[in-house]
Amino acid sequence: GAGVSQSPSNKVTEKGKDVELRCDPISGHTALYWYRQRLGQGLEFLIYFQGNSAPDKSGLPSDRFSAERTGESVSTLTIQRTQQEDSAVYLCASSLGAGHGTEAFFGQGTRLTVV
Amino acid sequence: KQEVTQIPAALSVPEGENLVLNCSFTDSAIYNLQWFRQDPGKGLTSLLLIQSSQREQTSGRLNASLDKSSGRSTLYIAASQPGDSATYLCAVQSPPRLTFGEGTQLTVNP
């Protein structure tokens, strides 16, 4: 597609349920990032994928969070046993790679509300 | 650990003014610096990318500079318009991640 696509755009879930968020990167982009943005706050790094290398998971806040990516395609971010503090906008970005001069492009985000 | 700071946190100006937004970072070993715009409830729109070997980039009324050795970047907006109202974020790429500042919330009043 023309840009980074995220789905769903909005998700309301009950506390304790699992949710899965999807990111379709720009075709040919080997690098993919997930960020979390709580209301009124900055972007918090979650995880980074680069091609077939082992992902950088150092930003995941707890073991309830996990992410998968197969090759250079779609990525899914899964949050298990959701808590109210998980409410945020989850943003995905992709770029050609982690090398010099690689511009990152963001999707519109998934707004997650845990009630 | 890379830290990015943006000053001011908020800025309100009358239409037509030229303005400067500031970004500083603690680790100069960066690949590039990128300025983004975020409108309320929306994702991020890339404005300018400056590679580590570059000093500045221009796009229309926007000009971004980079002084890597001192860990600073500025975004200059000429002849501001109400449509420029948004939050402006800078991000540095210190491989592999992008580290963001907290943003400057800009309001341009008609």
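Atom CD of B/Gln105 sits in a sparse spot, with 12 or fewer heavy atoms from other residues, nucleotides or ligands closer than 6.0 Å. Applying the 6.0 Å contact sphere to CD of A/Glu14 captures no more than 12 heavy atoms from other residues, nucleotides or ligands. Taking a 6.0 Å sphere around CD of A/Glu68, one finds it holds 12 or fewer heavy atoms contributed by other residues, nucleotides or ligands.
Two different hydrophobic clusters hold A/Val89 and A/Ile79 under the rule that ILVMFWY side chains link at heavy-atom gaps under 4.5 Å. Using a 4.5 Å cut-off between side-chain heavy atoms of Ile, Leu, Val, Met, Phe, Trp and Tyr, with links allowed through other members, A/Val4 and A/Phe49 fall into different hydrophobic clusters. A continuous path of Ile, Leu, Val, Met, Phe, Trp and Tyr side chains, each step under 4.5 Å between heavy atoms, connects A/Phe65 with A/Val19, placing both in one hydrophobic cluster. Under a hydrophobic-cluster definition in which Ile, Leu, Val, Met, Phe, Trp and Tyr are linked whenever side-chain heavy atoms come within less than 4.5 Å, directly or via other members, A/Tyr35 and A/Leu21 are assigned to different clusters.
The contact between B/Leu89 and chain A is made entirely by side chain atoms (from C-beta outward), counting heavy-atom distances below 4.5 Å. Contacts between B/Gln54 and chain A at a heavy-atom distance below 4.5 Å are absent for every atom of the residue. Contacts of A/Gln6 with chain B are absent, with no heavy-atom separation under 4.5 Å from either backbone or side chain.
For the residue pair B/Gln34 and A/Thr102, the shortest heavy atom distance occurs at OE1-O, 4.5 Å. The shortest non-hydrogen separation linking A/Tyr33 to B/Arg97 is CE2-CA, 4.0 Å. Contact detail for A/Ala104 and B/Leu98: the closest heavy-atom pair is CB-CD1, 3.5 Å.
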Step by step, would you call A/Leu43 with B/Leu44 a side chain to side chain contact (heavy atoms under 4.5 Å, CB included)?
CA-CA 10 Å; A/Leu43 273 76; B/Leu44 277 66; 4.1 Å; yes
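Atoms OG1 and CZ, from B/Thr45 and A/Phe105 in turn, are 10.5 Å apart once rounded to the nearest 0.5 Å. How far CD of A/Gln41 is from CZ of B/Phe100: 15.0 Å, rounded to the nearest 0.5 Å.
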